2 protein chains.
Amino acid sequence: MDITPTPTAPNDLLKLENQLCFPFYAVSRQLTKAYQPYLLALGLTYPQYLVFLLLWEHEQLTVKDLGEKLLLDSGTLTPLLKRMEQKQWLSRRRDPRDERSVIIGLLPAGRALEAQASHIPAAMLARVHLTLPELAALRTQLTHMLTHLA
Amino acid sequence: MDITPTPTAPNDLLKLENQLCFPFYAVSRQLTKAYQPYLLALGLTYPQYLVFLLLWEHEQLTVKDLGEKLLLDSGTLTPLLKRMEQKQWLSRRRDPRDERSVIIGLLPAGRALEAQASHIPAAMLARVHLTLPELAALRTQLTHMLTHLA
DNA sequence: GCCGAATTAATTGTACACAATCAAACCTTA
DNA sequence: TAAGGTTTGATTGTGTACAATTAATTCGGC
């Protein structure tokens, strides 16, 4: 007796289909692509859209704030924000009280995009074919994973 | 009566915390970072690791095959595969029976990496703090989402 | 008030991602 | 078999991502 059960052979763990990571990697990219048609109409990219989500709510944030909330560093944010600045969507200026910080402020042209973007979340929700309980459970699980990974 | 319930105000849908997409985007990047220490030891990147997962299983695949399985196009794969070719991990040659196709073949140095990578999946599994049922349910849901998005 | 440590952005360099275009090879069918 | 359309990779250009380094500023302790 005591035959080893081996539900999965040892190197099955190295098959793509059994990876934990790949579905996240793939879904993330496919989701971004699904946003494309909506975002293209506003002339912005997906990470830029994320920056706007924060600015539409907070009006003014430092680069550090944005980095902490989006989990992005200055090497990504600085050029991205400069491109958005060139389009007059936001302003970049040093904090007079702490010259190390750069304050990102929403400009009128950026605020104007909010109305145009207001229909995007509902459209995307319909796009993913998830029930509301599924969605809620998923978001809970993902944010839980995030805290463990960070 | 008939007071509008408004469980969520209209523009709450535009808050980052209520987005469906962001958790996927963030978890995907944090997961990739979690792989980093293991992959760095082998000198490869995360997308290169994905290519290896397929080559370790199939030994030989066309660029088209890789693109279909990884959901990546030639603009991403061609330079990535050229870098892997320079490290003698794989070979790139035209299919003699169809000169449009490029066949990617695993070389000994690439095969040798398989043993060194064999412990990675288990290590990552421990890293994410998920029960096996949670993991299975998650993978099912994500692959289901993938089919809907593609 | 001064010095060393810490904080914050910016810069540099490498590696994806992907849209758009191009070019070669193949296939179809008249 | 020749023309037109399709398939397949490669190329180009833009925009992230991120590690590592640098530079300016601030803070804390003495």
Side-chain angles (χ1 to χ4, degrees), chain A residues 21-22 24-37 39-41 43-52 61-68 70-87 89 92-104 149-150, chain B residues 21-22 24-37 39-40 43-51 61-68 70-87 89 92-104 149-150:
Chain A
C21 51
F22 179 67
F24 281 101
Y25 171 72
V27 166
S28 173
R29 285 185 297 115
Q30 298 303 305
L31 265 180
T32 300
K33 277 189 200 170
Y35 273 91
Q36 277 277 99
L39 298 181
L40 206 60
L44 44 84
T45 66
Y46 178 69
Q48 289 171 8
Y49 173 66
L50 295 181
V51 168
F52 265 133
L61 289 166
T62 65
V63 174
K64 175 183 161 69
D65 292 333
L66 290 169
E68 284 177 352
L70 299 178
L71 303 179
L72 293 171
D73 71 5
S74 67
T76 300
L77 285 175
T78 296
L80 184 154
L81 293 170
K82 282 183 176 174
R83 281 187 286 272
M84 296 177 78
E85 182 188 30
Q86 285 192 335
K87 296 193 173 187
W89 286 336
R92 288 167 7 96
R93 66 179 200 285
R94 294 278 166 181
D95 184 342
R97 291 176 309 176
D98 184 344
E99 291 279 343
R100 293 172 304 180
S101 296
V102 169
I103 298 177
I104 305 300
L149 286 170
Chain B
C21 52
F22 178 67
F24 281 101
Y25 171 70
V27 166
S28 174
R29 286 184 297 112
Q30 298 304 303
L31 265 181
T32 300
K33 277 188 200 171
Y35 273 90
Q36 277 278 101
L39 298 180
L40 206 60
L44 43 83
T45 67
Y46 178 68
Q48 290 171 6
Y49 173 65
L50 295 180
V51 167
L61 289 166
T62 64
V63 173
K64 175 182 159 71
D65 291 333
L66 289 170
E68 283 177 352
L70 298 177
L71 304 178
L72 293 171
D73 71 6
S74 68
T76 300
L77 285 176
T78 296
L80 184 154
L81 293 170
K82 282 182 176 174
R83 282 187 287 272
M84 296 178 77
E85 182 188 29
Q86 287 194 334
K87 296 193 175 188
W89 287 336
R92 286 166 10 96
R93 65 179 200 283
R94 293 279 166 181
D95 184 343
R97 292 177 308 178
D98 185 343
E99 292 279 343
R100 292 172 305 179
S101 296
V102 169
I103 298 177
I104 305 300
L149 286 170

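The sequence lines fix the lettering, A, B, ..., with proteins before strands; numbering per chain opens at 1. For clarity, every value in this text was computed on a predicted model and none was experimentally measured. We use all heavy atoms of the structure for the numbers below, so side chains are in, but hydrogens, waters and symmetry mates are not.
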Residue closer to the 5' end of DNA chain D, B:G75 versus B:E68 (nearest nucleotide):
B:E68

Once you round it to whole Å, what is the distance between P of C:dC18 and CG of B:L149?
13 Å

Just the rounded figure in Å: distance from C1' of C:dC18 to NZ of A:K33.
7 Å

Is the shortest side-chain N/O distance from B:T78 to OP1 or OP2 of D:dA10 below 4.0 Å?
yes

Counting side-chain heavy atoms from CB outward, which of C:dA9, D:dG9, D:dA19 is closest to B:K64?
D:dG9

Of A:V63 and B:L72, whose nearest nucleotide on DNA chain C comes first from the 5' end?
A:V63

Please tell me if B:K82 has a side-chain N or O lying less than 4.0 Å from either OP1 or OP2 of D:dT11.
yes

Once you round it to whole Å, what is the distance between C1' of C:dA19 and CG of A:L39?
15 Å

OH of A:Y35 versus C1' of C:dC18: gap in Å, rounded?
19 Å

Out of C:dA9, D:dG9, D:dT16, whichever nucleotide has its closest atom nearest the side chain of B:T62
D:dG9

Taking only the side-chain heavy atoms of A:Q36 (C-beta and beyond), determine which of D:dC18, C:dA19, D:dG9 contains the nearest atom.
C:dA19

Does A:R29 place a side-chain N or O at less than 4.0 Å from the phosphate oxygens OP1/OP2 of C:dC18?
yes

Nearest-nucleotide check on DNA chain C, A:S101 vs A:Q30; residue mapping nearer the 5' end is A:S101

Using whole Å, what does the distance between atom P of nucleotide C:dA9 and atom CG of A:L70 come to?
13 Å

Can you tell me the distance, in whole Å, between the CG atom of B:L61 and the P atom of D:dT8?
14 Å

Validation row: B:L149, A:L31 side chains within 4.5 angstrom (heavy atoms):
yes

Pick the nucleotide of DNA chain D nearest each of B:R100 and A:R83; which residue has the one closer to the 5' end?
B:R100

Checking the side chain of A:D73 only, and the main-chain atoms of A:T76 only, is there a donor and an acceptor separated by less than 3.5 Å?
yes

When you check the phosphate oxygens OP1 and OP2 of D:dA10, does a side-chain N or O of B:R92 lie under 4.0 Å from one of them?
yes

Look at the aromatic rings of A:Y25 and B:Y46 and report parallel, tilted or perpendicular, splitting at 30° and 60°.
perpendicular

I'd like to know if B:S74 reaches the base of D:dA10 with its side chain such that a donor and an acceptor end up less than 3.5 angstrom apart.
yes

Could you tell me whether a side-chain N or O of B:K64 sits under 3.5 Å from a main-chain N or O of B:V102, the two making a donor and an acceptor?
no

In whole Å, I'd like the distance from the CG atom of A:L77 to the C1' atom of D:dT16.
10 Å

B:D98 side chain, from C-beta outward: closest of C:dA9, D:dT26, C:dA25
C:dA25

From the set C:dC16, D:dG9, C:dA19, return the single nucleotide nearest to any side-chain atom of B:T45.
C:dC16

A:E99 CD to C:dT8 P, in whole Å, measures 14 Å

Give, for atom CZ of B:R94 and atom CD1 of B:I103, the distance between the pair rounded to the nearest 0.5 Å.
10.5 Å

Pairing of B:R92 and B:E85 as salt bridge, 4.0 angstrom limit
yes

Return no unless some side-chain N or O of A:Y25 is found under 4.0 Å from OP1 or OP2 of C:dA17.
yes

